[in-house]
Amino acid sequence: MKFAVISDIHGNLPALDAVIEDAEKQNVDAYIFAGDYCISNPYPDECITRIRNRRLPPPHGRRLLNCGKGTRLLSEA
């Protein structure tokens with residue numbers, strides 16, 4: 001089984017797109033997110049949208065919430 005480990009995107013949408021594109025070329029079976037992908041930089045909401053549209057799992061059993069300007073994680077109860 002082949003995994004793509006993604007972390008420290010920090011709202012960098014072009015970097016996230018490049019990583020996902022490369023993972024698809026590598027025919028990965030699953031994604032592992034280690035966090036820090038929407039905290040800062042110019043595209044935090046767009047990064048979350050991209051992750052949701054690809055049905056990529058959020059880190060550590062958390063749910064992603066759009067909060068207008070910026071996004072945050074909410075632990076699931």
Side-chain angles (χ1 to χ4, degrees):
M1 185 169 228
K2 212 184 251 192
F3 293 95
V5 179
I6 300 175
S7 70
D8 296 298
I9 297 297
H10 294 284
N12 187 340
L13 184 62
L16 178 60
D17 285 341
V19 169
I20 291 171
E21 182 180 330
D22 184 62
E24 288 174 347
K25 287 179 185 175
Q26 300 292 326
N27 295 315
V28 299
D29 298 305
Y31 293 86
I32 298 172
F33 274 95
D36 290 342
Y37 47 88
C38 64
I39 304 301
S40 58
N41 281 327
Y43 307 108
D45 289 330
E46 291 86 348
C47 286
I48 296 306
T49 299
R50 186 78 79 243
I51 291 165
R52 283 185 176 149
N53 288 344
R54 299 270 181 174
R55 302 207 188 285
L56 304 177
H60 315 298
R62 295 180 178 181
R63 243 183 334 179
L64 301 170
L65 297 176
N66 282 357
C67 298
K69 258 190 157 180
T71 304
R72 65 186 170 115
L73 293 172
L74 177 69
S75 295
E76 293 181 326

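It should be emphasised that the depicted structure is a prediction, and the values quoted were computed from it without experimental measurement.
Legend: residues meeting side chain to side chain contact (heavy atoms under 4.5 Å, CB included) with D8, ordered by chain and number and at least two apart, are H10, D36. With sequence neighbours left out, the side chain to side chain donor-acceptor pair (under 3.5 Å) criterion links K2 to no other residue.
For the atom pair CD1 of I9 and CZ of R50, the computed distance is 11.5 Å after rounding to the nearest 0.5 Å. Atom CD1 of I20 is separated from atom OH of Y31 by 6.0 Å, given to the nearest 0.5 angstrom. In this structure, D17 CG and L13 CG are separated by 4.5 Å, a value rounded to the nearest 0.5 Å.
The shortest heavy-atom contact between V28 and A4 is CG1-CB, 3.9 Å.
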